[in-house]
Each structure stands twice: as C-alpha cells, then as structure tokens.
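Structure first, commentary second.
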Amino acid sequence: MRRLRDRIARWVRANRRLAYISAGAFLILALVLVPMSYSFARQLGAAPTGLFGLPIFNGAGATPDPLNPTLLDSSGNQGVPLPEPWDGAERVTILLMGLDYRDWSAGEGPSRTDTMILLTIDPVAGTAGIMSVPRDLWAVIPGFSPNKINTAYYFGELYNTPGGGPALAMRTVEQTLGIPIDYYAQIDFGAFVRFIDLIGGVKIDVPEEIRVDPLGADTPPLLVPEGRHTLSGEVALAYARQRYAEGGDFGRSQRQMQIILGIRDRILEFDLLPGLVANASEIYNELSTGIDTNLPLADALRLAVSATRIDRDDIRQAVIGEEQIIYGRSPDDLAILIPIPDKIRALVNEIFTSSSGAEPLAQGSAAELMAAEGAIISVQNGSSSASLGANTQSYLAGLGANVAETTSISGQARTTIIDHTGNPYTLAFLAELMDLGGVQIVHDFNPASAVDIEIRLADDWLNNNPMP
C-alpha cells in the first residue's frame, strides 16, 4: 500500500495541471448532497451569480492543498441544521451531462456530451437508481435526423433550439428511454477533483489491475493494482475516464458509477454532511462556475437529505450495454449502437419502477417480434451462386419475414444489412440468424426508401448458413 501511495504521489506531482475533462457527471453527489442555503442566507448581495442563480462568494479560510486532500472535519459542525427531506410524492429524475473534453478544449463551437447518466430518487419507496447512457447510442433527435445521442446537446446549442442543448438532450433521452426527466445538470469540466480532495479522497474497490493515463503526454501511465484503495481526486478522475481498459466505454460507465457511489459512501462513512453545510460557501465557490442546472436550490437541498437516507442496497445501478444494443454503422461510417427497444425498456423498468412487475414494450420470441414489426425487406444477391437470393427469400419468408423482392447486384465482399427506417427487432433477428458483426449492419436513415431493410448477400452467407 505504501508503494502505491508513493507512486500515486509521484504521478500527481508530475501532472499538476487542472484536469478539464468531461467528468462532470460525478459532481451530482456534490450538487445533490451538499446543502448550501444556510451559509448563503447571511451573504446574499450584489455579487455575480452562478449556480442556482445565487451570488458567487469567496471561500473563507485557506484553500486545502489539492495534492494532499485532508478529510473535512465535521466534529464542530454537529449542530448545523439540515433542511427537511424531499416531501414530494413523485419520483424525481435528473439527467447529468458532462461535455466532451476535446470539443470543450478546442473552444470552436458547441460541444457534444461525453457522459450521460440518469439519477432517479423515489421518496415514497425509499429507493434510488443510476443508469448510464452510452454516447454512441443511435437516437431520433426531435427536429433532426437520427444521430448519436451525444449530438443532441450539440444541435440544441448550435441551432439555438428552445431551451438550448440541455432541453434537446432531455427530450431525446426521454423519448429514447420512455421516461420523464425533471431536471438536468450540465458540467463543463473537472471541479469534481477538488471536491473529492475536500472529502479526503474516495474509496474504490478496483476489480482488477488497471493502467490509467494522465492527461499530459509527457507523464507516464499509472498502474492501479487490484484491491481497495483511497484515491485522490486526480487519480479517481484518471481511473474513471480510462476508455482503453476491459469493457471499453461500457467498463468506463461502470467505473463512473463506482465513483458516484464512492462519494456517497465517503460522506456517510465520516458523517460529513454537517461539515459540508458549514463549509458551503467554499464548496459553492469551487463548483458553481462549472455547473449549469435547472434544479432549484430548495429542491436540491431536500433531495440531498432524502438521498442520504436511502440504504446502499436500495440504490439500483444499470448500464445500457451489449445485451440492449446491436453494433452497427452510421451513414457516414461511424460505429454506432442501435437500441433494442424491448430490452432497453426492460432494463429501464428495473431502475425506474418500485417493483419488478412492469411489462416491457413487447413480448414474444425474436421471430415473433420481427414478424410483428413487419419491415419490408429486399434480398440482393451479390454472391457467386445465382440461386442464393431466391433460396434466402424462401427461407426468411418461412420464418415470418416480409421479403418483398429479390434482386441481383455486383460482387459483394461480405454480407451486409442496411436499415433505412429503424427496425430494431428485425435487425436483432437477422444479425443473430446470419451471424453478422457490427460492421455488417448499417443504419442509413431514408424514409423515402421503397423498402425498410436491404440484405446484401455475399459468399460468407453462401458458405455458412442454416438453410436446408
């Protein structure tokens, strides 16, 4: 452990610059678990405004050394009054957005969202949920053609739609997941580093050894061993933002939720809530310039207290992952994640309902769902066998597919499916049946197309198919 601390210290000393990246989603615990109004009530004046529209004040006292985080002392703050818990009878859901660091640092226009996390609190059931939405999820953006879900914020800002980027992102996530969203919190850069250092670091169970890369090109990677570690803010940031580890972006989403819950556990473990209230002006000064939200202060205070009263076992977690998507390609040949609505709805039900009795959007086998979707299919034979197209048409029709035509095309290197109108059940069925990889599924939105799906056959299907 001492060796790890020494290595972390060397890494931190070598990487002093502020880590302005899209780690803002982790700040929701600071936003929701830091009741601030009691310190502000005595200081309202003509100062510039920031978070919640309140004045920005200079923090009292010396600023703690960010390289040596010290645990916040709550021993003298036990008498600080806390607000009443949330008294509403309905679930509250917040969309957390962190901006793409590459867009933000370039400063050349609106940013995409790099992180989207939904936080929900049910005050009646005493439960909470956290769901991570992958940035490459293919979505219908209101007023625009389908695109990656992380572009909704960008389009809202670029074209100045009503409510801007946050409102368009909320609407896009709402209709993609089928759930109402009450508030948003958009974070520009990594003030969460300072907050984690303020609470003395965050304890994380690292499931397996992971190499994390600091932002500086001249700084060597840091190896974090398997086991339980207390990470400083900058090391926690590097741990959470690592994309090139096991699980890719899905693994990164899991680590982000680890950090969120680690912040919660740290606050409750050392009873830091009274101290956070007593030091509210300093914390506010650190975080306010990096957060844009429509969450009223009074609601944030009540939600904070409610959140601390929810048991860890009653906080549900989920990542929209490989079971809920199909890998595909966009019209401009970018890797995308095509949602499977039925499976996403089932996952949403686990997080956003108080019981497991909610029904998914549709029920039935994969073939039944494909048949019910009724996508019009064109089979196009580009293989070396003249009869493969007709044989495939008969085979798919026998399984319930709506094959409208069979045509011949020039030589095709590999079998490819092109979806023109959005048919997730048919895509899921065909991808499994024909054993297609993600690069062989293309989403080319074209509502004027005479067919919904094109199947372009090649010799890989000729040489390996289940047809009789």
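The figures that follow rest on heavy atoms only: side chains count, while hydrogens, waters and symmetry mates do not. For this chain, numbers begin at 1 and follow the sequence in order.
Two residues are said to be in side-chain contact when any heavy atoms from C-beta on lie closer than 4.5 Å; T120 and V92 fail this criterion. For the pair P142 and T172, the minimum side-chain heavy-atom distance is below 4.5 Å. Residues I417 and L436 have side chains in contact (heavy-atom distance under 4.5 Å, counting atoms from C-beta outward). Contact annotation: the side chain of V173 approaches that of L118 to within less than 4.5 Å [non-hydrogen atoms, C-beta and beyond]. Proximity of L337 to Y327: side-chain heavy atoms (C-beta onward) are separated by under 4.5 Å at one or more points. Here the side chains of I325 and I320 are in contact, with some heavy-atom distance below 4.5 Å. Within the 4.5 Å cutoff, the side chain of V451 has heavy atoms near those of the E405 side chain. L427 has its side chain within reach of I453: a pair of non-hydrogen atoms, C-beta onward, lies under 4.5 Å apart.
For I326 against P424, the heavy-atom pair with the smallest separation is CD1-O, 3.8 Å. Summarising the geometry of M370 relative to A401, their closest heavy-atom pair is SD-CA, 3.6 Å, with the distance given to 0.1 Å. P466 and L433 make their closest contact through CG-CD1, 4.1 Å (heavy atoms, listed as atom of the first residue, atom of the second, distance). Y154 and R112 make their closest contact through CB-CG, 4.1 Å (heavy atoms, listed as atom of the first residue, atom of the second, distance). Nearest heavy atom pair, residue V202 against residue I259, reads CG2-O, 4.3 Å. The nearest pair of heavy atoms linking W461 to T392 is NE1-OG1, 3.0 Å.
T230 contributes no side-chain N or O that, together with a main-chain N or O of G201, makes up a donor-acceptor pair within less than 3.5 Å. Between the R316 side chain and the E350 main chain, a donor and an acceptor come within less than 3.5 Å of each other. With hydrogens and angles ignored, the 3.5 Å screen pairs a side-chain donor or acceptor of S394 with a backbone N or O of A390. Checked by atom type and distance alone, the side chain of Q186 never pairs as donor or acceptor with a backbone atom of D292 at under 3.5 Å. Here the side chain of E157 pairs a donor or acceptor atom with the backbone of G165 at under 3.5 angstrom. In terms of modelled atom types and a separation under 3.5 Å, the side chain of Q258 and the main chain of D205 share a donor-acceptor contact. Listed for the D314 side chain is no donor-acceptor partner under 3.5 Å among the backbone atoms of I310.
A donor and an acceptor atom, one from each side chain of S385 and S383, are nowhere located under 3.5 Å apart. Side chain to side chain, Q380 and T407 fail the donor-acceptor criterion of an N or O pair below 3.5 Å. Looking at T421 and N423, their side chains do bring a donor and an acceptor atom within 3.5 Å of each other.
Counted within 6.0 Å of CD on Q175, heavy atoms from surrounding residues, nucleotides or ligands total more than 12; the atom is thus considered enclosed. Atom CD of E209 sits in a crowded spot, with more than 12 heavy atoms from other residues, nucleotides or ligands closer than 6.0 Å.
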*V442 vs D419, side chain to side chain contact (heavy atoms under 4.5 Å, CB included): CA-CA, chis, key distance, verdict*: CA-CA 6 Å; V442 177; D419 182 10; over 6 Å; no

*Any chance you could lay out the side chain to side chain contact (heavy atoms under 4.5 Å, CB included) test for R345 and N349, step after step, and finish with the verdict?*
CA-CA 6 Å; R345 178 59 181 271; N349 285 339; 3.3 Å; yes

*For the pair T416 and Q440, evaluate side-chain hydrogen bond (donor to acceptor under 3.5 Å, both in side chains) and give the outcome as yes or no after the intermediate values.*
CA-CA 5 Å; T416 303; Q440 295 170 270; 5.6 Å; no

*Kindly determine whether R255 and I210 satisfy side chain to side chain contact (heavy atoms under 4.5 Å, CB included), including the steps that lead there.*
CA-CA 11 Å; R255 290 192 294 276; I210 181 172; 3.9 Å; yes

*Applying side chain to side chain contact (heavy atoms under 4.5 Å, CB included), run through I336 and L137 and close with a yes or a no.*
CA-CA 6 Å; I336 61 173; L137 193 69; over 6 Å; no

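Rounded to the nearest 0.5 Å, atoms OG (S365) and OH (Y425) are 12.5 Å apart. Taking CG from L396 and CE from M434, the interatomic distance works out to 6.5 Å, rounded to the nearest 0.5 Å. The distance from atom CG of D452 to atom CD1 of I377, rounded to the nearest 0.5 Å, is 8.5 Å. Rounding to the nearest 0.5 angstrom, the gap separating the CE atom in M116 from the CG atom in N150 is 7.5 Å. Within the model, atoms OG of S330 and NZ of K148 stand 6.5 Å from one another, a figure rounded to the nearest 0.5 Å. Atom NE2 of H229 sits about 9.0 Å away from atom OH of Y239, to the nearest 0.5 Å.
Pairs engaging residues 454-468 under the salt bridge (charged side-chain N to carboxylate O under 4.0 Å, His left out) rule: E454-R456 [sequence neighbours left out].
Paired with V133 under the rule side-chain contact (heavy atoms from CB on, under 4.5 Å), one option of L177, I344, I117 passes, and it is L177.
Applying the salt bridge (Lys or Arg N to Asp or Glu O under 4.0 Å) rule to D333 yields the partners R329; only residues at least two apart in sequence or on another chain are considered. Not counting sequence neighbours, the partners of Q393 by the side-chain hydrogen bond (donor to acceptor under 3.5 Å, both in side chains) test are T406.
Between F155 and F144, the ring planes are parallel. Angles under 30° get that label, and only those over 60° would be called perpendicular.
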